[in-house]
Chemist: 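I have a structure I would like to understand better, so I am pasting it below and will then ask my questions one at a time.
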Amino acid sequence: METLESELTCPICLELFEDPLLLPCAHSLCFNCAHRILVSHCSTSKPLESISAFQCPTCRYVITLNHRGLEGLKRNVTLQNIIDRFQKASLSGPNSPTESRRLQPQRPYTATISGTIAGTIGGGGGTSGGSARGSPATSSHSHSHANHANHTNHANHTNHTNANHSPAVVAKMDPRISCQFCEQDPPREAVKTCVTCEVSYCDRCLRATHPNKKPFTSHRLVEPVPDTHIRGLTCLEHENEKVNMYCLVDDQLICALCKLVGRHREHQVSSLTERFDKLKQTLENNLTNLVKRNSELENQMAKLIQICQQVEVNTAMHEAKLVEECDELVEIIRQRKQVIAVKIKESKVMKLRKLAQQIANCRQCLERSSALITQAEQSLKENDHARFLQTARNVAERVAMATASSQVLIPDVNLNEAFDNFALDFSREKKILEGLDYLTAPNPPSIRDELCTASHDTITVHWTSEDEFSVTSYELQYTIYTGQTNFISLYNSADSWMIVPNIKQNHYTVHGLQSGTRYIFFVKAINQAGSRNSEPARLKTNSQPFKLDPKTAHKKLRLSNDCLTMEKDESSLKKSHTPERFSGTGSYGAAGNVFIDSGCHYWEVLLGASTWYAIGVAYKSAPKNEWSGKNSSSWVFSRCNNNFMVRHDGKEMLVEASLQLRRLGVLLDYDNNSLSFYDAMNSQHIHTFEISFLLPVVPTFMIWNKSVMILSGLPVPDFVDGVASDLQEQQQQQMGLCRQESPYLTGMKTCH
């Protein structure tokens, strides 16, 4: 019963709770004690009203106050009622002066409380069902910060624990409890018992096994208790109370008093049987998963060990290869050194042989000259005129001859000690040797758009590479550009890509392409170490070239200039009638010799002095005996003197254009369903038809005076590309409105 009184005692004033407050952490505190805590935090710069939080003295949980302060916290009415009943029962005892006798009448009361709560839970009400039925003891973990403080300060915990136990309990704890971890005999006396480990420790073993770090900081340490007490079914906080429920919040065994007046009163609880079954099932499942995980880890570890072994093998192989390659380089250098040394020695021998020959010649000349000098000096010593004249004349001639031919007698020394033709410069080789390393993948090449060229069915791609010497080959990949901006997704769709492998040059011409079509190109630089792709480049084939088809020309039209010029000529020769020929009265027209069913094509018409014409496209089925644009199978831009108009299905719409229009540009974007007309000289857009093409179309031309000339197979000008992009965006925004205004003309734009 002393334990029950301790549960009803305020941790600050150590008296029975008076006007207890229920804190959010589920602990209680006297109102006056809470007020004293707030007052202790006051200062001159921090008045009482400004304090908005304080710590629970039991668990250190931070209690946040609202604008009402302590009045905003709930009163623990249930606890106050229990205290009142406890005081009333204590005072009503016959021997109330002594504490032991005063507490004796409370035994039935305690038993009643325990039985009431256990019966409530066992009856299936609330969150649990059934009473404890001999389930095994379960270790618990306390999440209270106070337990952590007990773990770090054993002395404080000893004092606190002793204060919370009655003398009877302390008497039971008097028998010496030995450390269960000591190896010495006899073991030292235990100072703490870990409820989590279910082991009693002496001070030395406790410090060794429970350092002040996670996960040991969450272990719950109490004063030494017998092993049977820990492992039994008796509540650790309430003496002689059997555990009969399980706290799901703190994950530990509790008794009925814990639920009624203890710190678990607001917690969700469960019956021991239910918790036993659930925990056992969870443990079995986790154990199965752990075994499976261990098996996976063993397999993974085996693979890692195998990889380590392979790394060792590969390292040895590459080291041996490195030594082999370097030895080969050293051997090549040694051989080249010998070859060059032999050449130097041979040059030395040749030079010395020639020098020796010249030295011998010089020595011979010197000997002859010395003999002649001696003979001349002897002649000069003769004083007899007759004898001198007799002997000196021959000597004088020989000296004069030797002096005159001194250049012949003295050999020309044309050799020197230098070896100019053996200059050694290994700077390039040294640089290469200094850069010896493992081969890496080459840097990405770069496609040179300005060097690329195109025709109506070919594109020549040029590129450059910084690592040209390390590149083994190039690979060119290309596909039709569909307008997709995500090049990575486009590149991953490998089915649509054409690949040209093993290119050795820095350029390549692709044949057989669709005319007037945009393509995406990648260039891949490849060597033994890997490959790198260039940035994508968008290149386009030129428009489909065509001429006027003589079989379709009206009999009063004359075609010339290789069927590129058509002229109105009343005196033209009669032509045979064919189904393809324009034949109606006033239908002076001709068609191109190609049908277009894909791509983007641009051509121009030189109008000259003609002021009456109609230019556009038509299906093959369009009537030939009426003006183009008068039916649903043709679309034209027309001029009649000073009026400009567009015509389709017999409906006309006036458009604005310059009277000085001399060159008409026509852009047929079959893939995007549009036909546009431009003033090519002034780079101005005139009009755009939006057409859902169903069949191939053919360019058509009609004139009623003068002549026109066709320029086909042209690349799309830059100003047309810009206008076309703007028009596509506007058409998407105005499509609905334009279709309401006109059943056949949408996306119209007039330029002034």
Side-chain angles (χ1 to χ4, degrees), residues 321-439 442-443 448 451 462 464-473 504-507 527-528:
K321 182 66 175 177
L322 175 63
V323 172
E324 179 184 353
E325 293 290 337
C326 291
D327 289 345
E328 289 182 2
L329 289 177
V330 172
E331 180 62 22
I332 292 174
I333 293 175
R334 189 189 64 79
Q335 293 178 1
R336 295 305 304 168
K337 175 184 176 182
Q338 291 180 352
V339 171
I340 296 174
V342 168
K343 291 182 178 180
I344 294 175
K345 290 180 180 179
E346 291 176 350
S347 179
K348 169 189 173 183
V349 171
M350 180 190 68
K351 286 178 177 291
L352 292 178
R353 184 183 299 115
K354 291 183 178 180
L355 289 172
Q357 181 65 36
Q358 291 188 6
I359 290 173
N361 293 338
C362 289
R363 183 178 290 109
Q364 184 178 3
C365 292
L366 183 60
E367 291 176 353
R368 288 198 298 267
S369 297
S370 298
L372 184 60
I373 290 171
T374 301
Q375 188 176 2
E377 288 176 350
Q378 292 293 332
S379 298
L380 289 175
K381 292 179 180 180
E382 182 64 49
N383 295 326
D384 188 343
H385 293 180
R387 289 183 181 276
F388 178 78
L389 292 175
Q390 183 179 3
T391 60
R393 185 177 61 180
N394 186 26
V395 174
E397 290 178 356
R398 292 173 60 190
V399 170
M401 185 181 297
T403 303
S405 61
S406 61
Q407 296 299 325
V408 178
L409 294 176
I410 298 176
D412 182 16
V413 180
N414 56 3
L415 293 176
N416 55 50
E417 72 283 1
F419 285 73
D420 296 334
N421 57 335
F422 284 94
L424 296 177
D425 183 9
F426 294 149
S427 58
R428 183 172 64 90
E429 289 77 5
K430 289 178 181 178
K431 187 174 182 180
I432 294 175
L433 290 174
E434 290 172 356
L436 284 180
D437 202 348
Y438 282 106
L439 185 65
N443 288 326
R448 302 288 300 277
L451 300 179
H462 290 260
T464 57
S465 175
E466 297 178 358
D467 300 331
E468 186 173 351
F469 293 105
S470 66
V471 175
T472 305
S473 65
K504 301 299 183 181
Q505 302 84 10
N506 284 10
H507 59 85
N527 63 13
Q528 294 178 348

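Position 1 is the first residue of the sequence; numbering continues from there.
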Chemist: Is the number of heavy atoms from other residues, nucleotides or ligands within 6.0 Å of CD (Gln528) greater than 12?
Modeler: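 Atom CD in Gln528 is not crowded, with 12 or fewer foreign heavy atoms closer than 6.0 Å.
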
Chemist: Quick check: are there more than 12 heavy atoms from other residues, nucleotides or ligands sitting under 6.0 Å from NZ of Lys504?
Modeler: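 Yes - once you tally the heavy atoms of other residues, nucleotides and ligands closer than 6.0 Å, there are more than 12.
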
Chemist: Suppose we screen for side-chain hydrogen bond (donor to acceptor under 3.5 Å, both in side chains). Which residues come up paired with Arg387, at least two apart in sequence or across chains?
Modeler: none

Chemist: Asp467: what forms a side-chain hydrogen bond (donor to acceptor under 3.5 Å, both in side chains) with it, not counting sequence neighbours?
Modeler: Asn443

Chemist: With sequence neighbours excluded, tell me which residues meet side-chain hydrogen bond (donor to acceptor under 3.5 Å, both in side chains) with Thr374.
Modeler: none

Chemist: Working to the nearest 0.5 Å, report the span between CD of Glu324 and CD of Glu331.
Modeler: 12.5 Å

Chemist: So do the side chains of Lys343 and Ser347 get within less than 4.5 Å of each other, counting heavy atoms only?
Modeler: no

Chemist: Should the heavy atoms of other residues, nucleotides or ligands under 6.0 Å from CZ of Arg363 be counted, would the total exceed 12?
Modeler: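 Not buried by this count: 12 neighbours or fewer within 6.0 Å.
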
Chemist: Is it the case that more than 12 heavy atoms not belonging to Glu429 sit under 6.0 Å from its CD atom?
Modeler: yes

Chemist: Which residues satisfy the side-chain hydrogen bond (donor to acceptor under 3.5 Å, both in side chains) test with Lys321, sequence neighbours excluded?
Modeler: Glu325

Chemist: Run the side-chain contact (heavy atoms from CB on, under 4.5 Å) check on Gln357 and Lys354 step by step: do they pass?
Modeler: CA-CA 5 Å; Gln357 181 65 36; Lys354 291 183 178 180; 5.7 Å; no

Chemist: Rounded to the nearest 0.5 Å, how far apart are CZ of Arg336 and CD of Gln338?
Modeler: 11.0 Å

Chemist: Can you tell me how far apart CZ (Arg448) and NE2 (His507) are? Round to the nearest 0.5 Å.
Modeler: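 These two atoms lie 13.5 Å from each other.
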
Chemist: Only counting residues at least two apart or in another chain, list the ones meeting side-chain contact (heavy atoms from CB on, under 4.5 Å) with Val323.
Modeler: Asp327

Chemist: Find out whether Leu451 and Thr464 are in side-chain contact, i.e. whether some heavy atom of one side chain is under 4.5 Å from a heavy atom of the other.
Modeler: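 Answer no - side chains too far apart.
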
Chemist: Please tabulate, for the side chains in residues 377-386, all donor-acceptor contacts under 3.5 angstrom to protein atoms that are two or more places apart in sequence or on a different chain.
Modeler:
unit_1: Ser379; atom_1: OG; unit_2: Gln375; atom_2: O; d: 3.1
unit_1: Glu382; atom_1: OE2; unit_2: Asp384; atom_2: N; d: 3.4
unit_1: Asp384; atom_1: OD1; unit_2: Ala386; atom_2: N; d: 3.1

Chemist: Identify the heavy atoms of Asn527 and Ser470 that sit nearest to each other, and give their distance.
Modeler: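 For Asn527 and Ser470, the tightest heavy-atom pair comes out as CB-O, 3.1 Å.
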
Chemist: Are any of the side-chain nitrogens in Lys431 or Glu434 under 4.0 Å away from the carboxylate oxygens of its partner?
Modeler: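 Not counted as a salt bridge, because no side-chain N and carboxylate O are separated by less than 4.0 Å.
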
Chemist: So do the side chains of Cys362 and Leu366 get within less than 4.5 Å of each other, counting heavy atoms only?
Modeler: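 The answer is no; the side chains never approach within 4.5 Å.
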
Chemist: Drop me the distance from Met350's CE to Leu355's CG, to the nearest 0.5 angstrom.
Modeler: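 Rounded to the nearest 0.5 Å, the CE-CG separation comes out at 9.5 Å.
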
